[in-house]
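Written below as structure tokens is the structure these notes are about.
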Amino acid sequence: MTEKAAHDLNIDYELEKVTDIKDIMSFGVIGTPGLVVDGKVLLAGRVPTENALKDLLRNEIK
């Protein structure tokens with residue numbers, strides 16, 4: 001869903017799926033899924049709607 005949202009918003013991105021629990025916790029994320037953009041946690045512990053995800057990306061990528 002993140003890939004689609006970034007594509008729809010014409011955002012140049014590199015997507016990395018992190019599955020190692022130690023790496024995930026290094027961001028302070030306790031609940032998954034999580035979304036981190038440029039080192040900043042935007043979302044953790046829930047799956048947003050597509051529109052909510054687009055809003056998060058729009059607000060972060062200005």
Side-chain angles (χ1 to χ4, degrees):
M1 188 175 3
T2 302
E3 190 170 20
K4 181 183 180 321
H7 176 75
D8 290 351
L9 296 171
N10 290 321
I11 296 172
D12 186 31
Y13 66 95
E14 180 180 324
L15 185 65
E16 178 182 352
K17 181 177 180 178
V18 178
T19 58
D20 184 274
I21 192 68
K22 290 179 185 176
D23 291 338
I24 293 169
M25 291 181 70
S26 74
F27 286 101
V29 172
I30 296 172
T32 60
L35 176 63
V36 178
V37 175
D38 294 332
K40 180 179 177 185
V41 177
L42 299 185
L43 184 75
R46 65 182 177 87
V47 176
T49 65
E50 185 176 337
N51 286 334
L53 183 56
K54 286 180 180 179
D55 287 342
L56 283 171
L57 292 175
R58 265 191 217 101
N59 290 332
E60 189 60 31
I61 311 295
K62 294 181 182 182

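Hydrophobic clustering keeps V41 apart from V37 (ILVMFWY residues linked when any side-chain heavy atoms are closer than 4.5 Å, directly or through intermediates). Cluster annotation: V18 and L35 are assigned to distinct hydrophobic clusters (Ile/Leu/Val/Met/Phe/Trp/Tyr, side-chain heavy-atom contacts under 4.5 Å, transitive).
The heavy-atom pair separating F27 from V36 by the smallest distance is CE2-CG1, 3.6 Å. In this structure, A44 and V29 approach most closely via the heavy-atom pair CB-CG1, 4.0 Å. Between L43 and P48 the shortest heavy-atom distance is CD2-CD, 3.2 Å. Taking both residues in full, the closest heavy atoms of M1 and T49 are given as SD-C, 4.0 Å, listed atom of the first, atom of the second, then distance. Residue Y13 comes nearest to E3 through the heavy atom pair OH-CG, 2.9 Å, listed as atom of the first residue, atom of the second, then distance.
Under a cut-off of 6.0 angstrom, the local environment of CG in D38 is sparse, with at most 12 non-hydrogen atoms contributed by other residues, nucleotides or ligands. Taking a 6.0 Å sphere around CG of L15, one finds it holds more than 12 heavy atoms contributed by other residues, nucleotides or ligands.
Between atom CG of residue N51 and atom CZ of residue R58 there is a gap of 7.5 Å, rounded to the nearest 0.5 Å. If you take OG1 on T2 and CD on E50, they are separated by 10.0 Å, rounding to the nearest 0.5 Å. Atom NZ of K54 sits about 10.0 Å away from atom CG of L57, to the nearest 0.5 Å. Within the model, atoms OG1 of T19 and CD1 of I21 stand 9.5 Å from one another, a figure rounded to the nearest 0.5 Å.
The closest side-chain heavy-atom distance from E60 to L56 is not below 4.5 Å. Using a 4.5 Å heavy-atom threshold, the side chains of I61 and L9 count as separate.
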